[in-house]
Amino acid sequence: MLITIKDDFNLFKICNSGQCFRCPTVNGYTRFIFRNHILYIKQLSDESYDISCTEELWNTIWLPYFDLTRSYKKIRRLTTKDTFMKKATREGLGIRILRQDPWEMVITFILSQRKSIPAIKKSVEALCTHFGSLVTTEHEIVYLFPTPEQLKDATDDILSECGLGYRLPYVKDAVEQALYNTIVTNEWYEFDDHTLFTMLKSIKGVGDKVANCIMLFGYNRIGRAPVDTWIEKIINTKYNGVDPFPSYGDVAGVMQQYAFYYSLQHKDEF
DNA sequence: CTCCAGGGTTTGC
DNA sequence: GCAAACCATGGA
């Protein structure tokens with residue numbers, strides 16, 4: 001069915017901004033997965049898109065997934081006097097912060113440490129094909145992200161095939177804690193930022209950066225601005241070592257994502 | 001072959 | 001409290 005999206009929305013940039021790692025183009029459509037829901041979406045013209053789901057599912061699942069109730073146009077206007085961020089928002093126009101599944105974010109960003117984006121993609125994909133549920137769609141065969149139950153009996157040998165490396169015990173521990181319902185329960189959605197941050201960091205292999213990524217991409221806490229190697233380079237080369245993101249307050253995470261995307265597109269500047 | 005990747009934990013001071 | 005060592009693997 002056809003829908004209209006009027007706010008910032010660029011499928012390519014959303015998929016290449018380092019927040020989701022398995023959103024390929026299939027038969028001209030971009031594929032997104034949220035838990036057991038699969039969406040194929042294709043831009044037809046400026047504001048017109050073809051989607052594979054019903055209107056009800058679009059409204060209940062995908063509208064919040066793409067954070068479409070928030071105006072990113074307004075957020076982009078908050079860059080007064082910040083010349084670098086003005087450039088970054090221009091470069092990243094169309095990026096949105098996805099509201100992804102927290103469990104998937106925990107495992108994905110535990111994996112992400114000291115890996116390149118292509119390596120993260122390969123590792124996450126391997127986890128899905130080895131342990132996730134198989135779904136046949138109109139376009140392809142897809143594997144969902146594995147649940148804690150599906151990862152429960154995984155052997156070290158097969159997990160190692162997913163390229164987990166030294167992060168393997170972290171993943172196994174997270175699976176164990178999720179099975180006993182001590183991490184990433186539904187109650188965690190209600191926690192305030194500080195509590196959520198503390199709870200996430202209690203998971204082995206989750207430090208400041210990964211906790212902020214989980215909060216930003218899994219809990220839509222758009223005030224969180226993860227500082228990784230690229231953001232650190234930006235702070236040092238563009239801001240003389242002074243972190244500019246706290247000054248953006250409750251939308252710092254969106255600015256961070258614009259800046260991160262910019263750095264990926266202009267690696268030679270850093 | 002080397003170097004580094006959307007870092008975190010452990011150890012030593 | 002902080003800095004340094006160490007971590008396993010793949011892509012460039």
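In what follows, chains are A, B, ... by sequence order, proteins preceding strands, each numbered from 1. Basis for what follows: all heavy atoms, side chains included, without hydrogens, waters or symmetry-related copies.
- Enclosure of atom CG in Asn240(A) is not indicated, since only 12 or fewer non-hydrogen atoms of other residues, nucleotides or ligands lie within 6.0 angstrom.
- A heavy atom lying under 4.0 Å from DNA chain C marks the following residues of residues 110-125 of chain A, by number: Arg114(A), Lys122(A).
- Sorted by first and then second residue, the pairs that involve residues 148-161 of chain A and meet salt bridge (charged side-chain N to carboxylate O under 4.0 Å, His left out), not counting sequence neighbours, are Asp156(A)-Lys172(A).
- Nucleotides of DNA chain B that come within less than 4.0 Å of any heavy atom of chain A span, from the 5' end to the 3' end, dA5(B) to dT9(B).
- Remark: Tyr29(A) engages His139(A) in a ring pair (Phe, Tyr, Trp, His ring centres under 6.0 Å) (not counting sequence neighbours).
- When the C1' atom is compared between dC4(B) and dC6(C), the two are found 16 Å apart, to the nearest whole Å.
- Partners of Asp208(A) by side-chain hydrogen bond (donor to acceptor under 3.5 Å, both in side chains), not counting sequence neighbours, listed by chain and number: Lys201(A).
- Of the residues in residues 208-221 of chain A, Asp208(A), Lys209(A), Val210(A), Phe217(A) come within less than 4.0 Å of DNA chain B through at least one heavy atom, sorted by number.
- No engagement by Gly163(A) is indicated, since no non-hydrogen atom pair under 4.0 Å with the nucleic acid exists.
- Contacts between residues 164-171 of chain A and DNA chain C, defined by a heavy-atom separation below 4.0 Å, involve Gly165(A), Tyr166(A), Arg167(A), listed by number.
- Ring orientation note: the planes of Tyr170(A) and Tyr166(A) are nearly perpendicular, at an angle over 60° on the 30°/60° scale.
- Taking every heavy atom of residues 249-266 of chain A and every atom of DNA chain C, no pair lies under 4.0 Å.
- Residues passing the side-chain hydrogen bond (donor to acceptor under 3.5 Å, both in side chains) test with Ser133(A), sequence neighbours excluded: Gln150(A).
- Distance check on atom P: dT11(B) versus dA8(C) gives 14 Å, rounded to whole Å.
- Seen from the ring of Phe270(A), Lys238(A) counts as a face-on cation partner, given the 6.0 Å and 45° thresholds.
- Comparing dG6(B) with dA5(C), their C1' atoms sit 22 Å apart, to the nearest whole Å.
- Residues satisfying the ring pair (Phe, Tyr, Trp, His ring centres under 6.0 Å) criterion with Phe9(A), sequence neighbours excluded, are Tyr49(A), Phe66(A).
- With sequence neighbours excluded, the residues forming a ring pair (Phe, Tyr, Trp, His ring centres under 6.0 Å) with Phe217(A) are Phe109(A), listed by chain and number.
- Of the residues listed (Ile97(A), Leu216(A), Leu196(A)), the one engaging Arg221(A) in a side chain to side chain contact (heavy atoms under 4.5 Å, CB included) is Leu196(A), and it is the only one.
- Taking a 4.0 Å limit (strictly below) on heavy-atom distances, residues 232-246 of chain A does not reach DNA chain C anywhere.
- Nucleic acid contact for Val206(A): sugar-phosphate only, since backbone atoms but no base atoms lie under 4.0 Å from a heavy atom of the residue.
- Under a cut-off of 6.0 angstrom, the local environment of CD in Glu138(A) is crowded, with over 12 non-hydrogen atoms contributed by other residues, nucleotides or ligands.
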